[in-house]
Amino acid sequence: MELDERPRPRGDLASQLALESLDTYSNHELNERIALLEAELLRVAAHRDKAAAHRKAAEALFGASSPEGSGS
């Protein structure tokens, strides 16, 4: 089985981060963490937008497909 064919694990890193205690972090460390998470959000949103544009272009070329996996 190819790596991309395996089911995505339920306990992803974002879920693990949400469970982590923040009590030991300093204000500076919390600000750094927020900046890293904001950068990651922008990266994920850009990828989502690129994938949506790719799908829209494919649908325009080949015709609309079933709504399955549309991400909406």
Side-chain angles (χ1 to χ4, degrees):
M1 177 181 286
E2 294 292 323
L3 289 178
D4 292 340
E5 294 175 358
R6 294 186 302 183
R8 184 172 294 157
R10 287 274 188 216
D12 63 1
L13 292 176
S15 298
Q16 292 175 21
L17 282 173
L19 296 174
E20 183 180 358
S21 173
L22 301 175
D23 294 339
T24 60
Y25 286 88
S26 70
N27 195 30
H28 176 72
E29 290 169 325
L30 290 169
N31 286 333
E32 286 181 341
R33 184 178 176 127
I34 289 169
L36 287 170
L37 291 170
E38 287 173 338
E40 178 62 4
L41 285 169
L42 291 173
R43 185 182 78 89
V44 171
H47 181 76
R48 178 205 55 207
D49 295 345
K50 181 179 174 184
H54 184 265
R55 181 177 181 92
K56 184 176 179 180
E59 287 176 350
L61 183 61
F62 299 110
S65 62
S66 67
E68 181 181 322
S70 66
S72 299

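All residue numbers in this chain count up from 1 along the given sequence. None of the values given here were measured: they were computed from a predicted structure.
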Tell me every residue that passes side chain to side chain contact (heavy atoms under 4.5 Å, CB included) with Leu22, counting only those two or more places apart in sequence or in another chain.
Tyr25, Leu30, Arg33
With Ser21, which residues qualify under side chain to side chain contact (heavy atoms under 4.5 Å, CB included), at least two apart?
Asp23
Only counting residues at least two apart or in another chain, list the ones meeting side chain to side chain contact (heavy atoms under 4.5 Å, CB included) with His47.
none
Charged N-O contact under 4.0 Å between Arg43 and Glu40:
yes
When rounded to the nearest 0.5 angstrom, what is the spacing between CD in Glu20 and CG in Leu13?
11.0 Å
